[in-house]
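Have a look at the structure below before the remarks.
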Amino acid sequence: MSKSGAKKIQAIRGMNDLLPSDSPRWQFFEAKVRTLMQRYGFDEIRMPIVEQTALFARSIGEVTDIVEKEMYTFEDRNGDSLTLRPEGTASCLRAAMEHGLLYNQTQRLWYQGPMFRHERPQKGRYRQFHQVGVEAYGFDGPDIDAEVILLSARLWQELGLSEHVTLELNSLGSLEARAAYRETLVAYFNEHRALLDEDSLRRLESNPLRILDSKNPDMAAMLDAAPQLLEHLDDESREHFEALKRMLEAAGVQYVINPRLVRGLDYYSRTVFEWTTTALGSQGTVCAGGRYDGLVEQLGGKPTPAVGFAMGIERLILLLDTLALVPSEALGGSDVYLLALDDSATTEALTLAERLRSELPELALTLHCGGGSFKSRMKKADKSSARIALLLGEDEVASGSVTVKFLRDDREQRQINQRELATILPELLTR
RNA sequence: GUGGAUGUAGCUCAGUGGUAGAGCCCCGGAUUGUGGCUCCGGUGGUCGUGGGUUCGAUCCCCAUCAUCCACCCCA
């Protein structure tokens, strides 16, 4: 509260602080992801948050909502148009191409970090949000499609989410087949123009496939009778899709074919998929991706097949939270709280803490700082997650010992020689 | 960009046209070196911001900002 009356500065709308009480679940999630990627042979890549605006315009599609109205775009001091990345696929591909990672070789990459889209925030949707992305380059068969889907399925399993998410699957066909289907569809919609709502009329120009996704009940019958994407696939895409389905079945992964699953970004072709949940309100997609075989060429590289997906970390954490799936032992905190009984032993407490940290590198020890009454020091020990409090008073200093008090178990406290602490403390903590 | 709801203590929320309260939290004490339970006391708010009506507004009116939810779109 300032007396000056100056306006409070707050965080930008839709950009959230991650508070100390939140970060343990993020770390829990991130640790799961990191080891999983390693187990599947995917290597981490890190890209800048800012790119040339043209990268996104050329990859995501000029007429998509993201590019048209959701990007944080600004001019650099030298007049270049720069953009805060709205997604990771384009950046990842740019980096891989720029450093020759696609030259005569395949790549399996993953990344994690903030993305930016200027949308109205709501539950599970923020202007700065975080994604984990997975991209595989140079594989054209359905095995890699299955592999990345299985990777995601295993993550749900490890997080305890399997029962709460559904895999939706579709194929968009080759870019040529998709373009042909698009014309058929536009012709159909034009025949039934009178039934289209305002949004759909707009999409008829921009992205007619998305009309299939409409939730408007008045259009349901007309949409049901519309030409089906899956019936207009080219033979190669059809075989690819059938093979993928067989592989998923062999691996025991359940899926639902959703012929209206289209994905919003222009670069997708063939396989597209989404993992959805009903537990998060209207932002039900927690992970989505697919194939984008044409994108490398579109960005000026040699034709290179590619497949990938991105998951929304906020949404997944929200889901873990609502389902109470973050184990309490993952919540971190200290093992031991070391306190001087009064100010006379402050220095001894400090040096003892340092000695223990040298002798027991695995130990999480919080040293009481800031004085206060003995009672308040004990209260802080209690508030901490520590199972053991180490007390250091005049008597202990005089005898070179420390009092060990158990804060969570019904055990007698005891006095231990400071020199024996490093060997005894780990035992006391495991029992 | 559109619609709806909500802004009172650090948090969760009551409340009234006569300048505010509870619970939790925090601090101190009951208990000179022993936390959690209990009891007592205390700190903390220009009632989102700006304007209007009024003798007087936290309350009524207008505007604005923010948050949440939904639409759109997306992870």
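A, B, ... follow the sequence lines: proteins, then strands. Residue 1 opens every chain.
Checking each of A:Cys92, A:Pro114, A:Pro48 against A:Arg85 for a side chain to side chain contact (heavy atoms under 4.5 Å, CB included) leaves exactly one that passes, namely A:Pro114.
Under the Watson-Crick or G-U wobble criterion, with both distances below 3.5 Å, B:G21 is paired with B:C13. The pairing partner recorded for B:G7 is B:C65, the criterion being a Watson-Crick or G-U wobble arrangement whose two distances lie under 3.5 angstrom. In this structure B:U34 sits in no base pair that meets the Watson-Crick or G-U test at under 3.5 Å. Pairing for B:A70 is with B:U2, a Watson-Crick or G-U wobble pair whose two hydrogen-bonding atom distances lie under 3.5 Å. B:C59 makes up no base pair with any nucleotide shown, lacking Watson-Crick or G-U wobble contacts both under 3.5 Å.
Listed nucleotides: B:C73, B:C27, B:G33. Nearest to the side chain of A:Glu394: B:G33. Side-chain proximity of A:Ile66 to the nucleotides B:C25, B:C74, B:G33 is greatest for B:C74. Of the candidates B:G33, B:C25, B:C71, B:G33 carries the atom nearest the A:Glu396 side chain, counting heavy atoms from C-beta on. Here B:A70 is the nucleotide among B:C26, B:A75, B:A70 with the atom lying nearest to any side-chain atom of A:Lys123. Of the candidates B:U34, B:C73, B:A30, B:U34 carries the atom nearest the A:Met378 side chain, counting heavy atoms from C-beta on. Considering only the side chain of A:Ser373, B:G28 comes nearest among B:A66, B:C69, B:G28. The nucleotide whose nearest atom lies closest to any side-chain atom of A:Glu119 is, among B:G3, B:G35, B:C73, B:C73. Closest approach to the A:Asp65 side chain among B:C71, B:G35, B:C72 is made by B:C72 (side chain taken as heavy atoms from C-beta onward). Between B:A75, B:C69, B:U34, one nucleotide has an atom nearer to the side chain of A:Ala288 than all others, and that is B:A75.
A donor-acceptor contact closer than 3.5 angstrom is absent between the side chains of A:Ser162 and A:Gln157.
Between A:His164 and A:Trp156, a ring centre-to-centre spacing not shorter than 6.0 Å is recorded.
Between A:Lys245 and A:Asp145 no salt bridge is recorded (no basic side-chain N to carboxylate O distance below 4.0 Å). Taking the charged nitrogens against the carboxylate oxygens, A:Arg387 and A:Asp409 do have a contact shorter than 4.0 Å, which makes a salt bridge.
When the C1' atom of B:U2 is taken as reference, atom CZ of A:Arg202 falls 12 Å away, rounded to whole Å.
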